[in-house]
Amino acid sequence: MSLTRNAEAEDLRLKPKSSRWPTAILLAVSGMLSSMQFTLIVPSLPSFSEDLGTSAEDASWLVTITLLAGAVGTPVLSRMADMYGRRRLLLVTLGLLVAGSLTAALGPGFGWVLAGRALQGCASSIVPIGISLLRDMMPAGRAGTAIAVMSATVGLGSATGLLLSGVLGSSGLGTAGIFVFSAIGGVLALGGVLLLVRDAGSYPGGRFDMLGALGLSVVLASALFVISRSSWWGTNPLPLAVISGLGVLTACLWVPLQLRSARAVIDLRTAFRRPVLLTNIATFFATAGMFANHLLTAHEVQAPAGIGSGLGLSPVEAGLVMIPASLTMAGLSPVAGMLLNRIDARKVLALGALVMSLAFVFRLFTHGSLAVIVVGAALVGVGTALSFAAMPALVMGYSPAQDAAAANGINSLIRTFSGAATSAVFAFLLSSFAVSAGGSQFLTQSGLSLAFGGVAASCLLASVLALLLPASPRGTER
């Protein structure tokens, strides 16, 4: 019986050779669509506040709720993918994206839009599930390239979301046009997955650890809430103190529960093995470079002339400035994949993080012209392409093959926390080194320089941590 099952799995892997790269492209586009959900509404938040009749602070929850849902949903859905089928859970996550987009587009008020954004956040698990599918589907010599392309969609999608936001928000549908676009993209991706994607093996199934998932949800949601709302410590600290205490107490109960569970939501013994832990820590510090590139570039070019190195551009024009960086990430991701097939993934991560660090040093000492800003952002894109290609290869190399989706889910979760922490640090700098202009606040030149220097140090630390990893992990081998 096992021989028959193995033969069927091998047949599934070998049969659709002609559709491998179309499937890889489909998965990459799906991953790009999921990562866009975090940035599509950011430039349009003032319009959402006006359209929904809510305050600017309440409107910011449209971003926070998506981060929270993504943080909770990614490890849970990724673990379920390893248990019940990666294709099946990929369809579920795309379905949640479509449902959330339609809810937000058609809902009559702020609460409906908030609920829709929460469902959209669950789509962040598309990337780790897609990467694990690519590892199963592609031959070992090509898997690195395909995974690199898929991993690069995180940065590419985030940048594209910033660019499209103004265009979609100014359409005839208004801010609802943003959600209609996501719904249409999700439906097309669903159809493509049904036609092209196949599982290449069997799954263990079993009873899912619902209690562990609930505990994890409380721990992650409380941690991310405290990070994303860190500014409340100075004005309204009681809610943050209560939520922090709840998270710590739940973690103290959850950790022993997971260590005793036969099918834990997160395999803590694997997650805290030195290579996996170091990879995820390096991921945190390297990912800060990508998010800081988006935040600081948009902020720098939109600042009025005379403030820092401001150019006074509109949000749509600021999105256009990020196009070279996005194209760089997309264009270099196959190159990064070929590097993964030839040298240790840890060296690719170290090189990528070092390039990002040097790019931020360049930006620290060069100011004042659009060309310099575009070149600096594109150089960060070079490092991002290399780093993000290496992260999943390292995680899968150090983790059991049957837990590939879950391991990548944790790595994706680390990226989410890195983005939230980067945004929180940016908000802190904005409150400490700010100058007002036109009713908005912008970083002074000293604040901008401090930000560039800090991110350069973060990326350099990631490069050093990558070099401390053991050589020659299994990477994309199966």
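Between the Ser35 side chain and the Met32 main chain, a donor and an acceptor come within less than 3.5 Å of each other. Panel note: side chain Arg346, backbone Ala466; no donor-acceptor pair is recorded below 3.5 Å. A donor-acceptor contact shorter than 3.5 Å links the side chain of Arg273 to the backbone of Tyr398. In this structure a side-chain-to-backbone donor-acceptor pair under 3.5 Å is present from Ser449 to Gln445. A donor-acceptor pair under 3.5 Å is absent between the side-chain atoms of Arg86 and the main chain of Leu133, judged by distance alone.
Listed by first and then second residue, the side-chain hydrogen bond (donor to acceptor under 3.5 Å, both in side chains) pairs involving residues 114-132 are Gln37-Gln120, Thr66-Arg117, Thr74-Ser124, Ser101-Gln120, Arg117-Gln120 (not counting sequence neighbours). Applying the side-chain hydrogen bond (donor to acceptor under 3.5 Å, both in side chains) rule to pairs touching residues 350-363 yields Asn293-Arg363, Thr297-Arg363, Glu300-Arg363, sequence neighbours excluded. Applying the ring pair (Phe, Tyr, Trp, His ring centres under 6.0 Å) definition to pairs two or more places apart or across chains, those involving residues 248-301 are His299-Phe426, His299-Phe442.
By the salt bridge (charged side-chain N to carboxylate O under 4.0 Å, His left out) test, Arg415 is found to be paired with no residue, residues two or more places apart in sequence or in another chain being considered. With sequence neighbours excluded, the residues satisfying side-chain contact (heavy atoms from CB on, under 4.5 Å) with Leu379 are Ala359, Phe362, Val375. Listed by chain and residue number, Leu296, Phe360, Thr422, Val455 satisfy the side-chain contact (heavy atoms from CB on, under 4.5 Å) test with Ala292 (two or more places apart in sequence, or in another chain).
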Audit row: Ile414, Thr287, side-chain contact (heavy atoms from CB on, under 4.5 Å) steps and yes/no: CA-CA 9 Å; Ile414 297 299; Thr287 303; over 6 Å; no
Trace of the side-chain contact (heavy atoms from CB on, under 4.5 Å) decision for Val395 with Asn280: CA-CA 8 Å; Val395 167; Asn280 285 327; 4.1 Å; yes
Evaluation steps, side-chain contact (heavy atoms from CB on, under 4.5 Å), between Leu62 and Leu114: CA-CA 6 Å; Leu62 296 176; Leu114 201 64; 3.8 Å; yes
